[in-house]
Amino acid sequence: MPTYRTLTSNFPWALDRLEWPVTSEVGPGLAGVIATGTRVSWLDPSSGALAYRGIPIERIAGEYEFEEAAHLLITGRRPAEDRDAFNAFRDRLRRSRDLPPDAVALVRSLHREVHPTRMLRAGVSALGCHEMTAEDELSGARHWRELRIIAQVAALVGEIARHRNNRPKHMFETGHSLAHCTLRALRDDEPDTRDVRTLDLLWVLYADHGLDAPTFTSMVVASCLADPYYNIVAGLSALRGPLLGGAGERVLEQVLPLRTPEQARLRVAEILASGGRLAGFGHRLYHIPDPRVVVLRKELAAQARRRNRAELFDIARAVEDEALRQLAPKGIHVNINFYAALLFHLLGADGPLIPCLYAVGRMAGLLARVHEALENPRLFRPLDRYVGHRERSLPREGAR
Ligand code: ACO
């Protein structure tokens, strides 16, 4: 006989009753599973609608700086609703860029050829060792409240960029935005406001996107009530592979060697004919165009033009056109990483640094969701379906 369990009203998103043994339509990769409820963002893959705290992404993109979007996602309040509260939030973020020397020294002790995502993972771990003290609760509740980790990750990425380019450590100052400071670390010059806007735009668009692998991983770790530094290391690890955050790096490897749109079309046809995958195409949720791409495609056109790199945009369009001609019938479209990677490149990042830059944007949504989950924490514990042998006997000694 099945037994029934009624979940408490603390979990209004949950089904009223779970039947044991649970039956559900779960596809590979947890397709179709609703793991939690959220007020942070709304994503409808069938229409392409995406909204942060009820505001459509098309309204936020280009309008909000990253720090404003982070405030919206984490607190649920638009910055204009309470300017003082927002200013305090922003000041706290900017002050948090001041990294403990030990963490910077650890990153700088690594060989410059080490992949920057490995440096970032090591840097966040080092930060955790420095920030968590004997007085802190295991859950790091104070650190979740203080939100320093967002700017700490941005500052670490800046230091990693400087280290890889053999430039000295950054002198701390609080006046500028996270995007401004990060761009200066990438190029070692004073960034213009147009480029700062582009980095803000990229981070705003990467800030939250439902329960993708890094965010879901963070939610699982948060459900154990682990502190933010464990959490971010886990989230960053899930962001790394070529199927997700590593795709941007591969986009540059595939696109930058191309010289003309004609060559681009031939190369795409060649990759697909040989059964290869095009980085920056396909998505686990979208089988229609990703809404964020429209914004980034326009941004790439503008940024390429102002840098006299219009050919880069033409080549990107040729890659997209040829890929869509072949892949759109299968429901595969260009994803955010394609145009984002080319924009990061124009802003001065090389391929390996791209997942780190993606990670900075994602810090906002990840923290927003963990804050929400910690209101009513519950240890994640999904089920698996056993598909191995049912019963096997133990062979007697010597009878194998
Ligand atoms: N290039 C060529 N063919 C592709 C691509 C691609 N980028 N993506 C999927 N396909 C094909 C597969 O070969 C497969 O074809 P088949 O049915 O003839 O065998 C079919 O489309 C379905 O592929 P799946 O791997 O089952 O699709 P899934 O939805 O599981 O994968 C994924 C999604 C992993 C993103 C995939 O599209 C991919 O590898 N893309 C390239 C990497 C990439 O850009 N990742 C970023 C994702 S978006 C993000 O991170 C925000």
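Residue indices begin at 1 and follow the sequence shown.
Here the CG atom belonging to Leu296 is positioned 10.5 Å from the CG atom belonging to Asn335, to the nearest 0.5 angstrom. In this structure, the separation between CD on Glu311 and CD1 on Ile315 is 5.5 Å, given to the nearest 0.5 Å. Rounded to the nearest 0.5 Å, atoms CD1 (Ile232) and OG (Ser125) are 11.5 Å apart. In this structure, Asp188 CG and Arg162 CZ are separated by 5.5 Å, a value rounded to the nearest 0.5 Å. To the nearest 0.5 angstrom, Arg259 atom CZ is 13.5 Å from Arg267 atom CZ. The line from CG of Asp212 to OH of Tyr206 is 10.5 Å long, rounded to the nearest 0.5 Å.
Closest of all the heavy-atom pairs between Leu127 and Gln152 is CD1-CB, 3.7 Å. Counting all heavy atoms, side chain and backbone alike, Leu244 lies closest to Asn337 at O-ND2, 3.5 Å. For the pair Pro377 and Leu225, the tightest heavy-atom approach, listed with the atom from each and the gap, is CB-CD2, 3.9 Å. The two residues Gln326 and Ala269 have their closest heavy-atom pair at NE2-CA, 3.7 Å.
In summary, the side chains of Glu372 and Thr38 do present a donor paired with an acceptor at a separation below 3.5 Å, with no hydrogens or angles considered. With 3.5 Å as the limit, one finds a donor-acceptor pair spanning the side chains of Gln303 and Thr198.
Partners of Arg118 according to the side chain to side chain donor-acceptor pair (under 3.5 Å) rule, which considers only residues two or more places apart in sequence or in another chain, do not exist here.
Between the side chain of His371 and the backbone N or O of Trp144, at least one donor-acceptor pair lies under 3.5 Å. In this structure a side-chain-to-backbone donor-acceptor pair under 3.5 Å is missing from Arg112 to Asn165. Within the 3.5 Å criterion, the main-chain N or O of Gly246 finds no donor-acceptor partner in the side chain of Glu249.
Taking the six-membered ring for Trp and the full ring otherwise, the centers of His209 and Tyr286 sit less than 6.0 Å from each other.
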Inset, instruction - List the steps and the verdict of side-chain hydrogen bond (donor to acceptor under 3.5 Å, both in side chains) for Asp227 and His143. - result: CA-CA 8 Å; Asp227 74 56; His143 300 277; over 6 Å; no
Inset, instruction - Go through Arg369 and Ser41 one step at a time and tell me if the side-chain hydrogen bond (donor to acceptor under 3.5 Å, both in side chains) criterion holds. - result: CA-CA 9 Å; Arg369 283 167 180 274; Ser41 76; 3.0 Å; yes
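Screening Leu202, Leu205, Asp200 for a side chain to side chain contact (heavy atoms under 4.5 Å, CB included) with Phe66, the sole residue that qualifies is Asp200.
Contact of the His333 side chain with the His283 side chain is not registered, since no non-hydrogen atoms from C-beta on lie closer than 4.5 Å.
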